[in-house]
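Heads up: the structure comes next, in structure tokens.
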Protein chains: 2
Amino acid sequence: MALGKDYTGQDCTLARALEVVGERWTLLIVRDAFYGVRRFSDFLVHLDMPRAVLSARLSTLVEHGVLAKEGHEYVLTEAGLSLWPVVHGLACWGEQNFGELGPHRLFVHADCGTRIAPDGTCPTCGGAPVRPADLEIHPGPSAGLRDDAVSKALRTPHRMLTPIET
Amino acid sequence: MALGKDYTGQDCTLARALEVVGERWTLLIVRDAFYGVRRFSDFLVHLDMPRAVLSARLSTLVEHGVLAKEGHEYVLTEAGLSLWPVVHGLACWGEQNFGELGPHRLFVHADCGTRIAPDGTCPTCGGAPVRPADLEIHPGPSAGLRDDAVSKALRTPHRMLTPIET
DNA sequence: GCGGAATGGTTCGTTCATTGAACTTGGAGG
DNA sequence: CCTCCAAGTTCAATGAACGAACCATTCCGC
């Protein structure tokens with residue numbers, strides 16, 4: 001882990017999960033994958049992290065079946081897609097407790113144009129949580145300050161999981 | 001962070017959240033707090049982690065308003081309680097993808113005795129996610145192997161957030 | 001097929017966090 | 001005042017992250 005390395009001795013599925021996605025940078029990589037980032041260099045530019053660490057993280061994510069490597073692209077697997085509630089939940093928690101300026105990005109249900117609730121459901125359509133593939137990403141009130149190519153591409157509204165165009 | 005230290009440059013509420021709860025051990029501490037662990041020595045025995053790190057993590061959690069220190073007890077604040085969906089979501093994700101032996105603990109809606117769904121709702125009662133205070137913790141099919149006093153106390157069914165008895 | 005650039009990594013020395021043991025502090029009880 | 005115990009700090013050693021430099025492979029025009 002970005003941490004020690006594992007949580008041996010912890011008899012808890014949370015610990016198992018954290019061994020996979022609990023290291024530094026890992027959840028930000030997964031988040032970017034939801035946003036449509038797929039290429040090594042795009043992760044690198046957008047996350048502004050050491051190449052060696054990105055390489056290591058992508059490897060362990062592939063190894064554990066969160067991402068799949070297709071040619072030079074890293075794509076979320078089923079297991080990876082099922083992390084969406086966690087990623088979205090943490091982002092909402094951060095926004096509610098530490099986001100003085102409001103969200104940087106809005107997640108909108110593509111079918112009806114409504115912004116989804118923190119619990120992942122659509123206030124208009126009700127019912128089950130909206131799947132990532134049915135979401136669009138729009139820039140929020142405090143949309144980013146970064147001016148790299150990937151950040152700019154992510155600021156144009158687009159559907160989640162579809163590759164960004166740099 | 002258990003990691004570098006922060007995610008400066010990341011214009012994302014997820015990064016802000018990870019600066020607070022993304023370090024090694026931190027989410028396990030929060031999990032234990034939900035389970036009813038409150039004292040320094042109990043966290044120490046149960047998590048089997050270095051004292052210095054526990055001390056540091058508890059300090060930053062208090063500093064950021066996730067825990068409140070009451071005498072020698074650390075108790076979840078409102079902000080801390082609102083992390084439940086994330087903690088539960090991650091634990092479920094770990095169980096579904098890496099938990100060959102089934103869950104170690106079951107979370108049961110105290111009102112009706114039904115195990116809650118991965119999305120935090122009660123299949124019987126339906127509707128909104130069940131609040132942590134309305135949950136009971138029961139040992140699951142692969143309940144723990146650890147034999148420290150805290151692990152034993154956590155294996156006896158009890159209501160979430162109520163202090164354990166060692 | 002050959003040079004040259006772009007992409008996708010690996011290597012390696014430095015810096016910083018975690019680890020674990022030893023030590024200190026601060027109350028509570030007698 | 002003295003003892004005990006939980007809580008917390010200090011410190012040397014280990015290991016991970018960092019960042020710059022280097023290597024490999026592919027793609028392109030020629």
Side-chain angles (χ1 to χ4, degrees), chain A residues 1-10 15 18-29 32-33 36-63 67-75 148-150 153 163-166, chain B residues 1-10 15 18-29 32-33 36-63 67-75 148-150 153 163-166:
Chain A
M1 314 216 45
L3 321 167
K5 197 63 164 220
D6 56 17
Y7 293 105
T8 33
Q10 285 301 313
L18 289 173
E19 286 180 10
V20 178
V21 297
E23 293 179 296
R24 179 149 159 81
W25 296 115
T26 302
L27 271 185
L28 294 179
I29 294 171
D32 274 13
V37 178
R38 294 187 166 194
R39 300 173 66 88
F40 188 92
S41 57
D42 288 341
F43 285 111
L44 197 62
V45 165
H46 188 229
L47 292 173
D48 207 21
M49 64 184 286
R51 307 170 74 87
V53 177
L54 175 59
S55 180
R57 293 294 182 276
L58 288 173
S59 294
T60 73
L61 285 173
V62 169
E63 181 187 340
L67 297 179
K69 189 168 185 178
E70 303 179 354
H72 278 167
E73 297 196 329
Y74 295 90
V75 185
D148 59 275
V150 178
I164 56 168
E165 298 166 19
T166 47
Chain B
M1 313 216 45
L3 321 167
K5 198 66 168 216
D6 56 17
Y7 293 104
T8 33
Q10 285 301 312
L18 289 174
E19 286 180 8
V20 177
V21 297
E23 293 179 296
R24 180 151 157 80
W25 297 114
T26 302
L27 271 185
L28 293 179
I29 294 171
D32 274 13
V37 178
R38 294 188 165 194
R39 301 174 64 88
F40 188 92
S41 54
D42 288 341
F43 285 110
L44 198 61
V45 166
H46 188 230
L47 292 173
D48 205 21
M49 63 184 287
R51 307 171 73 86
V53 177
L54 176 59
S55 180
R57 294 293 183 277
L58 288 171
S59 294
T60 73
L61 285 172
V62 169
E63 181 187 339
L67 297 178
K69 189 169 184 178
E70 302 179 354
H72 276 169
E73 296 195 332
Y74 295 90
V75 185
D148 58 276
V150 177
I164 57 169
E165 297 165 20
T166 47

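These figures come from a predicted structure and were not determined experimentally.
Among all heavy-atom pairs drawn from B:Leu67 and B:Ala33, the shortest one is CD2-CB, 4.2 Å. For the residue pair A:Asp148 and A:His46, the shortest heavy atom distance occurs at OD2-CA, 3.9 Å. The two residues B:Trp25 and B:Asp48 make their nearest non-hydrogen contact at CH2-O, 4.3 Å.
Put simply, A:Arg39 has a side-chain N or O that comes within less than 4.0 Å of OP1 or OP2 on C:dG8. Between A:Trp25 and D:dC18 there is a side-chain N or O to OP1 or OP2 distance below 4.0 Å. Here B:Ser41 does not reach the OP1 or OP2 of D:dA6: none of its side-chain N or O atoms lies under 4.0 Å away. In terms of phosphate contacts, B:Ser55 brings a side-chain nitrogen or oxygen within less than 4.0 Å of OP1 or OP2 of D:dT9. In this structure, B:Tyr74 reaches the D:dG8 phosphate: one of its side-chain N or O atoms is under 4.0 Å from OP1 or OP2.
To the nearest angstrom, P of D:dT14 lies 18 Å from CZ of B:Arg24. Following rounding to the nearest Å, B:Lys69 (NZ) and C:dG27 (P) show an atom-to-atom distance of 10 Å. Following rounding to the nearest Å, A:Met49 (CE) and D:dG19 (P) show an atom-to-atom distance of 11 Å. The interatomic distance linking A:Leu47 (CG) with D:dA17 (P) rounds to 15 Å, in whole Å. Summarising the geometry, the separation between CD on A:Glu23 and P on C:dT18 is reported as 13 Å, rounded to the nearest angstrom. In this structure, B:Phe40 atom CZ and C:dT24 atom C1' are separated by 13 Å, rounded to whole Å.
The backbone N or O of A:Phe40 sits nowhere less than 3.5 Å from a side-chain atom of A:Arg51 that would complete a donor-acceptor pair.
Taking the nucleotide of DNA chain C with the nearest heavy atom to each of B:Val53 and A:Leu58, the more 5' of the two is matched to A:Leu58.
Residue contacts for B:Phe43: at a heavy-atom cut-off of 4.0 Å it reaches no nucleic acid atom on any strand shown.
Taking only distance into account, the side chain of B:Arg51 meets the base of D:dA7 through a donor-acceptor pair shorter than 3.5 Å.
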